[in-house]
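Only a predicted model underlies this, so the values are computations on that prediction, with no experimental measurement involved. All chains are named by letter (A, B, ...) in the order of the sequence lines, taking the proteins before the strands, and each is independently numbered beginning at 1.
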Amino acid sequence: MPFRIATWNINSVRLRIDLVARFLKDWSPDVLCLQETKCPQGQFPSGPLHELGYRHVAERGQKGYHGVAIVSRLPLADVESRNFCGKDDCRHIAATVATPSSRVEIHNFYVPAGGDEPDPEANEKFAHKLDFLKELVAWSGSGARAKNRHRILVGDLNVAPLEHDVWSHRDLLKVVSHTPVETDLLGRVLAAGKWTDVMRQHVPADRKLYTWWSYRAKDWAQSDRGRRLDHVWSSAGLAGRSSGIEVVREARSWPRASDHVPVIAGFSAQV
DNA sequence: ATGGTGGTCCTACCA
């Protein structure tokens, strides 16, 4: 039995719970990781998802900002979350999922966006983003993560690392999300954890690949000025069993859409 | 070159 996991920055789960239900109904991943739930802990709208067979929800939420959650058909064990940069921001939640034939440790992240000005001296939000990524390098390389077990890291990492992860490499080199200091750091996170970029395993690096389109475009699809801010990474053993990915671009056209679309990754039987 | 849209929750802040 294949295992399919999805990630989606929903930009308010309470406002868009009907879109979440539509997605789960029509794409039926085993696990869905959400970011920017913007929903206080304990107020996650799990009812409609239970009805669709997603009986397991692990959430870490706060009022107004951030917030992450894992929604699953399969039982979730060892739920935990970590604070980064000494803040209580809800930007990480982890759980272990028992697939039909194995166990997979899942990490769901919402990396700080970083504000507008890509200068850590002038912009404390950008400084926070860089600090967060540096802490992720250390976390990724730590012994706890190096064990020989199946691991998946997903989320809105707010960095588009490759040239063709943005609509114009040249124009975006000075735009937060694609500056060299950010893309270098994300590369260090990937290397430190021996992660595989599962999306790029299936889509060659010279092909454009986006998961986010700004709300500010007159016509997002016509201008198609997107970025790949959302990611699916896996440990090496799992990467070898990765069967494909899907970017659900049509979700950007749904009524009251999020500015991010879901990404689904599949892994074959022996997982 | 600038401002464009959308979320939270009521006033500005964040994306």
Side-chain angles (χ1 to χ4, degrees), chain A residues 7-23 33-45 59-69 83-85 87-93 108-120 122-133 136 154-161 165-168 170-179 181-183 186 210-231 249-263:
Chain A
T7 181
W8 194 7
N9 177 321
I10 194 63
N11 187 17
S12 175
V13 70
R14 286 180 292 183
L15 187 69
R16 298 190 227 278
I17 189 62
D18 55 330
L19 299 187
V20 175
R22 175 177 178 176
F23 171 69
C33 295
L34 295 168
Q35 305 85 36
E36 278 206 275
T37 53
K38 296 186 175 177
C39 178
Q41 186 76 13
Q43 294 183 34
F44 190 96
E59 57 161 326
R60 179 153 186 246
Q62 66 185 86
K63 184 177 175 183
Y65 307 106
H66 324 312
V68 287
N83 285 340
F84 286 79
C85 304
K87 294 174 183 278
D88 281 334
D89 292 355
C90 299
R91 296 184 178 277
H92 168 254
I93 189 166
N108 177 15
F109 279 99
Y110 175 50
V111 172
D116 289 331
E117 178 62 43
D119 174 1
N123 172 11
E124 66 180 25
K125 287 190 287 234
F126 193 68
H128 176 216
K129 182 178 194 174
L130 298 185
D131 287 345
F132 193 101
L133 289 169
L136 262 185
V154 302
D156 176 4
L157 305 185
N158 265 315
V159 179
D165 291 338
V166 295
W167 63 275
S168 169
R170 186 180 59 95
D171 289 343
L172 287 171
L173 275 171
K174 291 182 176 172
V175 173
V176 171
S177 74
H178 194 60
T179 65
V181 62
E182 293 168 84
T183 58
L186 197 72
Y210 313 140
T211 63
W212 171 90
W213 292 263
S214 172
Y215 282 126
R216 296 174 186 174
K218 276 201 186 74
D219 182 335
W220 72 272
Q222 198 277 323
S223 58
D224 199 19
R225 294 184 167 188
R227 304 179 203 170
R228 184 171 70 114
L229 302 179
D230 304 278
H231 298 269
R249 185 183 164 108
E250 68 166 82
R252 187 63 180 78
S253 298
W254 290 354
R256 268 193 181 280
S258 169
D259 46 355
H260 296 252
V261 298
V263 179

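For the pair Asp89(A) and Arg91(A), the salt-bridge criterion is met [side-chain N within less than 4.0 Å of a carboxylate O].
Here Phe132(A) pairs with Phe84(A) under the ring pair (Phe, Tyr, Trp, His ring centres under 6.0 Å) rule; sequence neighbours left out. In this structure Leu172(A) satisfies the side-chain contact (heavy atoms from CB on, under 4.5 Å) test together with Val166(A), Trp167(A), Val175(A), His178(A), Arg227(A), sequence neighbours excluded. In this structure His128(A) satisfies the ring pair (Phe, Tyr, Trp, His ring centres under 6.0 Å) test with no other residue, sequence neighbours excluded. Contacts of Arg216(A) classified as side chain to side chain donor-acceptor pair (under 3.5 Å), with partners at least two apart in sequence or in another chain: none.
In this structure, CG of Leu19(A) is placed 14 Å from C1' of dG6(B), rounded to the nearest angstrom. Atom CG in Asp116(A) sits about 13 Å away from atom C1' in dT2(B), given to the nearest Å.
The backbone N or O of Val261(A) lies less than 3.5 Å from no partner atom in the side chain of Arg252(A), so there is not a single donor-acceptor pair.
dC14(B) and dC9(B): their P atoms are spaced 14 Å apart (whole Å). For the C1' atoms, the distance linking dG3(B) with dA15(B) amounts to 15 Å, nearest Å. Taking the P atoms as reference points, dG6(B) lies 23 Å from dT2(B), given to the whole Å.
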5' to 3', nucleotides 7-15 of chain B under a 4.0 Å protein heavy-atom cut-off (B base, S sugar-phosphate only, - none) gives SSS----SB
May I have the step-by-step check of side chain to side chain contact (heavy atoms under 4.5 Å, CB included) for Glu182(A) and Leu130(A), ending in yes or no? CA-CA 7 Å; Glu182(A) 293 168 84; Leu130(A) 298 185; 4.2 Å; yes
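Pairing analysis of DNA chain B (Watson-Crick: purine N1 to pyrimidine N3 plus N6-O4 or O6-N4; G-U wobble: N1-O2 and O6-N3; both under 3.5 Å) yields stems of 3 or more pairs at B:5-8 with B:12-15.
With Gln35(A) as reference, Thr7(A) is the one residue of Asn11(A), Asn9(A), Thr7(A), Asp156(A) to meet the side chain to side chain donor-acceptor pair (under 3.5 Å) rule.
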